[in-house]
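Just so you know, residue 1 is the first one in the sequence shown, and it goes up from there.
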Amino acid sequence: KTLDLTDPKSFRDLSKPIGALNESRLEQLRMRFKEMANMEGQIPFLYGTHYSAPGYVLYYLVRQAPEYMLRLQSGRFDA
């Protein structure tokens, strides 16, 4: 099968976020949002990020400037 870049069906609808492209997925997100709204101290959200996102950034930065790695580790290499 060949990708036809002139066919509009080859592209996703950019007016919607990824989670809204599939109706069942969107419904799950909405249900979770409603459940979180009932939880005390919890700010409801539709899309969350994984806690490791800052780790990806640090990994990239260390690869770009490895001389700063020991500064991140207080001058000691801890293996």
Side-chain angles (χ1 to χ4, degrees):
K1 194 171 183 179
T2 305
L3 177 62
D4 181 7
L5 296 177
T6 61
D7 183 6
K9 291 186 228 168
S10 297
F11 302 94
R12 76 172 185 90
D13 182 0
L14 295 176
S15 69
K16 299 178 181 176
I18 289 289
L21 294 177
N22 180 316
E23 283 297 321
S24 64
R25 174 74 174 137
L26 180 58
E27 186 56 35
Q28 289 174 353
L29 292 169
R30 286 180 176 157
M31 285 178 59
R32 182 180 70 179
F33 184 89
K34 288 177 187 174
E35 290 171 1
M36 279 194 278
N38 296 330
M39 296 172 65
E40 188 175 326
Q42 179 68 43
I43 299 172
F45 57 88
L46 282 177
Y47 307 103
T49 58
H50 195 265
Y51 63 84
S52 64
Y56 297 135
V57 173
L58 284 176
Y59 179 78
Y60 171 78
L61 291 174
V62 165
R63 294 301 169 265
Q64 292 300 309
E67 63 274 14
Y68 295 118
M69 181 63 181
L70 288 178
R71 290 188 185 179
L72 289 173
Q73 298 174 342
S74 301
R76 296 187 319 264
F77 182 72
D78 185 12

At their closest point, which heavy atom of Asp4 faces which heavy atom of Ser10, and how far apart are they? O-OG, 2.6 Å
Can you see which heavy atom on Tyr47 is nearest to which on Pro17, and at what distance? OH-CG, 3.3 Å
Single-linkage hydrophobic cluster Tyr56~Tyr59, side-chain heavy atoms < 4.5 angstrom: no
Step through the shown structure and confirm whether more than 12 heavy atoms of other residues, nucleotides or ligands are within 6.0 Å of CZ on Phe11. yes
Give me the atom names and distance for the closest heavy-atom approach of Arg12 to Ile18. NE-CD1, 3.4 Å
If the test is side chain to side chain contact (heavy atoms under 4.5 Å, CB included), which one of Glu27, Arg25, Met31 qualifies with Leu29? Arg25
Measure the NZ-CG distance between Lys16 and Asn22 for me, rounded to the nearest 0.5 Å. 10.5 Å
Any non-hydrogen side-chain atom of Lys34 less than 4.5 Å from a side-chain atom of Asn38? no
For the student: nearest non-hydrogen atoms of Asp13 and Leu21, plus distance: O-CD2, 3.8 Å
Kindly give the heavy-atom pair with the smallest separation between Phe45 and Arg32, and that separation in Å. CE1-NH2, 3.7 Å
